[in-house]
Amino acid sequence: MTEYNGYVTDETIEGADDGPLADKTVAVKDNISTEGVRTTCGSAMLEDYVPPYDATVVERLKDAGATIPGKTNMDEFGMGTTTETSAFGAVENPAAEGRVPGGSSGGSAAVVAAGDADLALGSDTGGSIRCPAAFCGVVGIKPTYGLVSRYGLVAYANSLEQVGPIAPSVEGAAELLDVIAGPDEHDATTQEAPEADGSYAAAADGDVDGLSIGVPTELLDGADEAVVETFWDAMDDLEAQGASYHEVDLPSVEHAVEAYYVIAMSEASSNLARFDGVRYGQSGGYDGNWNESFANAREEGFGEEVKRRVLLGTYALSAGYHDKYYKKAQDARAWVKQDFDEALDDADVLASPTMPVPPMKRGESLDDPLTMYLADANTTPVNLANLPAISVPAGETNDGLPVGLQLVGPAFGEREIIRAGSALA
Ligand code: GLN
């Protein structure tokens, strides 16, 4: 175990004798199924759950020769931005004392930042790979929706999430993406990426000469001053290497956080219905009344944030409110997609700070969920639009806090964001 609580379970899973990751350890977020090794999702509900099969991404890691050193701590069911909602205790940020590591894949980013794993897998529904990568000073990629299999990923909000790599360098993240990407017969939403030259790792050549970068003004407006300063320093660095930038408008993004939370909570309320103590989860006992039994199991097994989201999601989907909330959120989602497509017509990639704030102090956010949700302003629009994005270290604030720079590319434009990001890290 690590002193910053990065792993929930530190059981080693050995991969094949050789392969592209034969000399690497790859930690796996604890919502990704591992055959024979418990997979808790950071929840008391699944404290003793041992999956009978491997997720496709885990199978691919093993085939590639990787050693999995353990399962990493996370916000319960991926619901959070600080990795403080885990039933197994909060994770500390190894790169910034007294601060949160970001979430929900906080354990994955922390073990990479601390050097306790070479690489890690996270999952990103609304920023859960990019946020902890930014807060811990490492690299994280959220792939295009459909590039990586979700088979064996315990679902939070299926239409938004992807599994992706976390690494100390862009090249390392790209090498891991090469192993996990590609169609899977077990996940009908996966597809073959359009034909392209070379591997993702080969795209990490740092060549940004002639690259056109769009900067969405809306994603800088509400951001912390120290973050914005560090962001522009990194942009100057890219410019000095031959890139150019111009401002772009994404008017729809002011509605993105609201739309994201309505959609994510709605899908979560449906996905989490299976945890009733009969099919999955701790038994709620049986005293002649099944409703009571389910209620007991869910009362005991779920934490506060999960309960809040199940209640709000159920409300948003209920007859009478469906059109007012869920349908409106879907309309906003379509508008966000269209805005990104237009902005990417005139730019190769879009750049913004990954998070509008530096890592928060520990213990500060839990009492104020709304402020925590608003911290996802720059990451959630990308999931609504199903696009790929990378977070690379942009530098540090004067107080020594890590700041991440997010680059967003067109669908299946992983090579573009990897190339651009590798000019910085
Ligand atoms: N912070 C966001 C949420 O709580 C993102 C989580 C994620 O990407 N899994 O929903």
Side-chain angles (χ1 to χ4, degrees), residues 28-32 40-43 72-86 90-91 100-109 120-135 140-143 145 148 150 153-166 256-272 302-313 316 329 333 354-357 359-360 364-366 368-391 404 406:
V28 172
K29 187 176 182 180
D30 210 21
N31 60 350
I32 300 174
T40 68
C41 296
S43 181
T72 58
N73 206 348
M74 56 181 282
D75 280 301
E76 189 175 4
F77 287 104
M79 300 176 184
T81 307
T82 62
T83 313
E84 293 175 296
T85 72
S86 169
V91 176
V100 302
S104 66
S105 314
S108 288
L121 289 184
S123 67
D124 191 309
T125 312
S128 281
I129 290 175
R130 290 160 287 161
C131 160
F135 280 6
I141 299 176
K142 177 255 176 235
Y145 190 79
V148 178
R150 288 179 297 107
L153 169 70
V154 179
Y156 159 18
N158 329 40
S159 80
L160 297 160
E161 59 207 1
Q162 280 286 289
V163 172
I166 294 177
V257 172
E258 287 92 332
Y260 165 80
Y261 273 97
V262 169
I263 294 170
M265 291 182 190
S266 297
E267 293 187 22
S269 72
S270 162
N271 278 322
L272 268 54
F302 286 150
E304 223 173 275
E305 184 62 30
V306 172
K307 283 178 189 155
R308 175 166 27 245
R309 295 191 187 200
V310 168
L311 288 173
L312 286 169
R333 182 173 191 172
T354 307
M355 299 299 288
V357 289
M360 299 80 127
E364 212 169 56
S365 324
L366 282 186
D368 187 0
L370 202 56
T371 305
M372 195 176 75
Y373 299 164
L374 288 173
D376 298 336
N378 293 4
T379 49
T380 51
V382 182
N383 299 73
L384 291 173
N386 293 343
L387 297 175
I390 190 169
S391 178
Q406 170 174 256

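These values consider heavy atoms only, across backbone and side chains, with no hydrogens, waters or symmetry-generated copies. Remember, it's 1-based here, ligands and their atoms both numbered in the order they're listed. One-based numbering along the sequence shown. Just so we're clear, the structure is a prediction, and the values are computed from it rather than from any experiment.
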For this session: Return yes if a side-chain donor-acceptor contact under 3.5 Å exists between Thr85 and Glu76, otherwise no.
Result: no
Problem set entry | Ion pair Glu305/Arg308, N-O distance below 4.0 Å |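 Yes, this pair counts.
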For this session: Apply the test side chain to side chain donor-acceptor pair (under 3.5 Å) to residues Asn73 and Ser86: give CA-CA distance (whole Å), side-chain angles for both, the deciding distance (0.1 Å), then the verdict.
Result: CA-CA 7 Å; Asn73 206 348; Ser86 169; 2.7 Å; yes
Problem set entry | side-chain contact (heavy atoms from CB on, under 4.5 Å) partner of Thr81, chosen from Val100, Thr379, Thr371, Asp376 |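 Going through Val100, Thr379, Thr371, Asp376 one by one, the side-chain contact (heavy atoms from CB on, under 4.5 Å) with Thr81 is satisfied by Asp376 alone.
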Exercise. With sequence neighbours excluded, what pairs up with Lys29 under the side-chain hydrogen bond (donor to acceptor under 3.5 Å, both in side chains) test?
Worked result: Ser104, Ser105, Ser123
For this session: Taking only heavy atoms of the protein into account, state which residues are under 4.0 angstrom from an atom of ligand 1, in chain and number order.
Result: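 Within 4.0 Å of ligand 1, the protein residues are Gly78, Met79, Gly80, Thr81, Ser104, Asp124, Thr125, Gly126, Gly127, Ser128, Tyr156, Tyr260, Tyr261, Arg309, Asp376.
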Exercise. At what distance, to the nearest 0.5 angstrom, does CZ of Phe77 lie from CZ of Phe302?
Worked result: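 It comes to 5.0 Å.
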